[in-house]
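As structure tokens, the structure follows; a few thoughts come after it.
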Amino acid sequence: DAEITQSPRHKITETGRQVTLACHQTWNHNNMFWYRQDLGHGLRLIHYSYGVHDTNKGEVSDGYSVSRSNTEDLPLTLESAASSQTSVYFCASSVTGARSWEQYFGPGTRLTVT
Amino acid sequence: DQQVKQNSPSLSVQEGRISILNCDYTNSMFDYFLWYKKYPAEGPTFLISISSIKDKNEDGRFTVFLNKSAKHLSLHIVPSQPGDSAVYFCAASEFGNEKLTFGTGTRLTIIP
């Protein structure tokens with residue numbers, strides 16, 4: 001069965017360190033998204049990609065970067081982790097065109113920055 | 001600027017009764033609306049959607065109503081079941097734009 005996976009599921013890191021969160025999908029979807037979930041803010045879009053070598057900034061992109069070298073993966077990098085980036089991170093993917101609004105989410109990565 | 005708002009952070013409903021979750025939006029360019037459901041330690045999953053050309057969409061126990069003039073949508077769950085206890089997110093998208101804007105979520109608790 002097709003799926004979307006995230007790793008690690010839990011991560012504790014120190015302020016200032018670079019951290020990369022992995023996202024891998026086997027749906028063969030062109031669209032991939034990264035969100036963070038925080039109490040009182042819901043799901044906020046960090047970065048998204050509509051295909052290989054395409055990346056776009058979302059509403060809370062400062063301090064984060066992504067790259068898309070193949071269809072299956074969209075890793076999220078925190079260049080220099082800050083305590084404000086403590087959150088739960090979700091990756092999602094969707095088809096292009098009809099039903100593109102139906103996003104399939106991974107299980108999430110809980111990141112703690114100390 | 002929160003373009004999609006869910007003003008009730010939590011809601012408790014007796015099992016068997018109707019649950020009504022509300023969502024308001026400010027962006028008049030939104031033309032597709034969705035509800036996602038999220039259990040603890042899992043990612044959100046798509047539940048039901050509605051196009052702006054409709055005012056109602058029904059799928060089993062779940063019905064979504066859209067009032068475009070009021071920029072308001074609601075999700076009705078009838079009858080409510082214990083397995084419906086979850087966080088519900090309202091989301092919206094603009095025509096031709098494949099990204100979603102999510103609300104802050106409402107935690108629904110069904111009381112047995």
Side-chain angles (χ1 to χ4, degrees), chain A residues 3-10 21 23-25 27 29-51 54-61 66 74 87-110, chain B residues 1-10 21-27 29-54 57 59 64 66 73 86-107:
Chain A
E3 61 178 355
I4 179 166
T5 57
Q6 294 183 235
S7 61
R9 294 294 310 277
H10 301 272
L21 308 182
C23 175
H24 179 80
Q25 53 99 0
W27 294 99
H29 288 163
N30 282 330
N31 302 338
M32 295 186 74
F33 309 85
W34 273 105
Y35 297 90
R36 57 179 290 173
Q37 182 192 5
D38 304 287
L39 199 61
H41 292 280
L43 291 164
R44 291 183 292 174
L45 185 63
I46 305 171
H47 282 286
Y48 58 101
S49 168
Y50 289 150
D54 175 75
T55 61
N56 306 279
K57 294 182 179 180
E59 62 177 305
V60 290
S61 60
V66 293
L74 187 69
S87 186
V88 180
Y89 292 85
F90 289 99
C91 179
S93 68
S94 72
V95 298
T96 301
R99 297 191 73 88
S100 63
W101 36 260
E102 184 174 351
Q103 296 185 6
Y104 294 77
F105 282 80
T109 293
R110 182 174 294 277
Chain B
D1 178 30
Q2 192 76 31
Q3 298 186 66
V4 179
K5 302 177 185 179
Q6 295 177 254
N7 293 317
S8 298
S10 63
L21 293 86
N22 294 302
C23 178
D24 298 294
Y25 63 95
T26 57
N27 186 346
M29 299 300 292
F30 286 148
D31 74 329
Y32 212 90
F33 303 89
L34 308 96
W35 287 93
Y36 278 76
K37 178 179 181 178
K38 184 185 179 305
Y39 291 120
E42 296 183 10
T45 55
F46 167 72
L47 183 59
I48 192 169
S49 65
I50 188 167
S51 164
S52 60
I53 62 173
K54 296 184 176 181
N57 188 28
D59 183 3
V64 57
L66 175 63
L73 67 155
V87 176
Y88 290 79
F89 290 101
C90 173
S93 71
E94 297 180 26
F95 177 77
N97 194 332
E98 297 180 340
K99 62 186 177 85
L100 299 177
T101 301
F102 283 86
T104 51
T106 296
R107 181 178 300 278

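A note on names: the letters A, B, ... follow the listed sequences, proteins ahead of strands, and every chain is numbered from 1.
Both the backbone and the side chain of B:L100 come within contact range of chain A, with heavy atoms under 4.5 Å apart. Of the two parts of B:S49, only the side chain, counted from C-beta on, holds a non-hydrogen atom closer than 4.5 Å to a non-hydrogen atom of chain A. Interface remark: A:L43 contributes backbone and side-chain atoms alike to the contact with chain B (heavy atom separation under 4.5 Å). If you measure heavy-atom distances from B:P44 to chain A, the contacts under 4.5 Å come from both the backbone and the side chain. A:Y104 does not touch chain B: none of its heavy atoms, backbone or side chain, sits under 4.5 Å away. For chain B, the nearby part of A:Q37 is the side chain; its heavy atoms alone come within less than 4.5 Å. Interface remark: B:E42 contributes backbone atoms only to the contact with chain A (heavy atom separation under 4.5 Å). Contact of A:R9 with chain B is made through the side chain alone, with heavy-atom distances under 4.5 Å.
Contact detail for A:S100 and B:E98: the closest heavy-atom pair is OG-CG, 3.3 Å. Here the closest non-hydrogen pair linking B:C90 and B:V4 is SG-CG1, 3.8 Å.
Taking chain B as the reference chain and counting heavy-atom pairs below 4.5 Å, the highest number among A:R44, A:H41, A:Q6, A:E59 is found for A:H41.
Residues satisfying the side chain to side chain donor-acceptor pair (under 3.5 Å) test with B:T45, not counting sequence neighbours, are none.
Ring-plane geometry between B:F46 and A:W101 is classed as tilted, the angle between the planes lying from 30 to 60 degrees on a 0 to 90 degree scale. Aromatic ring pairs are classed by plane angle as parallel below 30°, tilted from 30° to 60° and perpendicular above 60°; the pair B:F33 and B:Y25 is tilted.
Side-chain contact between B:S8 and B:N22 is absent, with no heavy atoms from C-beta onward closer than 4.5 Å.
A distance of 13.5 Å separates OG in A:S49 from NE2 in A:H29, rounded to the nearest 0.5 Å.
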